[in-house]
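Order of listing sets the numbers, starting from 1, for every ligand and every atom in it.
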Amino acid sequence: MVAYGDADAVAAAITDDTAAVLIEPIQGEGGVIIPPDGYLRRIREICDEKNALFIADEIQSGLGRVGETFACDREGVVPDLYLLGKALGGGILPVSAVVGNSDVLGVIQPGEHGSTFGGNPLAAAVGLRVVEMLETGEVQERARALGEHLAASLDALIGHGVTAVRIAGLWAGVDIDPALGTGREIAEKLLERGVLVKDTHGQTIRIAPPIVVRATELDWAVEQLRLVLGR
Ligand SMILES: Cc1ncc(COP(=O)(O)O)c(C=O)c1O
């Protein structure tokens with residue numbers, strides 16, 4: 001484990017025994033932490049130089065959420081493996097996947113890796129449909145446009161109960177002024193008003209609405225946050 005966003009620290013931590021570098025291209029549980037520009041490109045270069053695999057955990061950030069198919073696309077970077085989940089099940093089935101080219105994944109032959117639920121036909125059908133839906137780019141564009149809309153209304157709360165906002169597409173980390181309560185307390189008050197957000201065990205709440213959400217619904221949700229903050 002090294003400090004997030006510090007590519008030099010990653011390079012320094014790699015030894016001859018290092019098989020892979022595993023990172024979230026944007027951290028989710030951490031509070032929607034967006035790394036400095038160029039970080040993902042540097043990780044790609046370091047992995048190439050050191051002959052280590054670059055594994056991108058896109059379980060939260062992937063599949064349209066940030067306005068691109070993958071958060072790695074924001075820097076035009078292709079990792080060796082993607083870890084996918086959550087949205088891959090279309091919000092209705094538990095589906096996760098490790099995705100990569102055959103030069104990496106080909107080391108596992110059919111039948112060599114067993115799993116109770118792996119390859120479940122219904123789950124696989126839903127996962128395939130999600131992949132098809134991403135092919136037109138419409139979902140990504142929607143996340144991008146609605147994310148700009150959400151960013152504008154959240155930014156207006158900075159200095160009014162909110163100390164910082166980090167946003168990528170339709171995914172926001174909102175830092176709450178400690179004087180008004182913890183992220184958990186604010187999340188519970190929002191729940192009473194019908195808005196589900198997730199806290200980070202600190203001062204941050206994460207807003208990750210379904211990408212089919214409407215702009216008017218986002219406005220309503222931000223209004224609930226404003227009321228909870230007493231502003
Ligand atoms: C970014 C990220 N990586 C990995 C995981 C774990 O995935 P799984 O529950 O499929 O093991 C989660 C689960 O919440 C996650 O958010």
Side-chain angles (χ1 to χ4, degrees), residues 1-7 9-10 13 18-36 39-40 43-44 47 52-75 77-100 104-105 108 113-131 134 139-140 143 147 166-175 183-184 187 191 196-211 213:
M1 297 277 273
V2 298
Y4 188 66
D6 183 348
V10 172
T18 304
V21 174
L22 167 57
I23 57 160
E24 289 177 84
I26 294 177
Q27 284 187 325
E29 296 299 307
V32 189
I33 308 296
I34 302 170
Y39 177 64
L40 302 176
I43 297 291
R44 178 70 276 178
C47 287
L53 296 176
F54 177 4
I55 306 177
D57 179 345
E58 296 245 17
I59 285 177
Q60 290 198 33
S61 60
L63 305 179
R65 167 70 46 202
V66 303
E68 305 276 355
T69 304
F70 299 111
C72 284
D73 295 339
R74 289 160 52 98
E75 293 198 15
V77 161
V78 179
D80 298 294
L81 291 171
Y82 294 100
L83 310 184
L84 302 178
K86 305 206 196 301
L88 190 59
I92 55 167
L93 279 179
V95 187
S96 54
V98 178
V99 178
V104 178
L105 278 182
I108 302 174
H113 177 71
S115 161
T116 304
F117 298 117
N120 174 274
L122 178 59
V126 170
L128 277 173
R129 181 71 189 114
V130 168
V131 171
L134 288 164
V139 171
Q140 296 88 326
R166 296 169 297 280
I167 187 159
L170 206 44
W171 194 25
V174 178
D175 294 345
R184 171 96 193 183
L191 176 61
L196 276 175
V197 300
K198 182 89 163 63
D199 69 292
T200 56
H201 311 282
Q203 284 308 126
T204 306
I205 58 169
R206 277 175 294 153
I207 304 178
I211 296 171
V213 74

Original post:
Nearest protein heavy-atom contact for atom 3 (N) of ligand 1: which residue, which atom, what distance?
Top reply: D57 OD2, 2.5 Å
Subject >> Any N/O pair Q60/ligand 1 closer than 3.5 Å >> reply: yes
Original post:
Between atom CZ of R44 and atom CG of D80, what is the distance when rounded to the nearest 0.5 Å?
Top reply: 4.0 Å
**OP:** Sequence neighbours left out, what passes side-chain hydrogen bond (donor to acceptor under 3.5 Å, both in side chains) with R166? Give chain and number order.
**Re:** D175
**OP:** Just jot down the ligand 1 atoms closer than 4.0 angstrom to any heavy atom of E24, in number order.
**Re:** 1 (C)
**OP:** Determine whether any heavy atom of K86 lies closer than 4.0 Å to an atom of ligand 1.
**Re:** yes
**OP:** May I have the step-by-step check of side chain to side chain donor-acceptor pair (under 3.5 Å) for Q27 and Q60, ending in yes or no?
**Re:** CA-CA 8 Å; Q27 284 187 325; Q60 290 198 33; over 6 Å; no
Subject >> Pairwise distance OG1(T204) to CD1(I33) - rounded to 0.5 angstrom >> reply: 6.5 Å
Original post:
In Å, rounded to the nearest 0.5 Å, how long is the span from CZ of R184 to NE2 of H201?
Top reply: 8.0 Å
Original post:
Does the protein put a heavy atom under 4.0 Å from atom 14 (O) of ligand 1?
Top reply: yes
**OP:** Tell me which one of I59, L22, I26 gets a heavy atom nearest to atom 12 (C) of ligand 1.
**Re:** I59
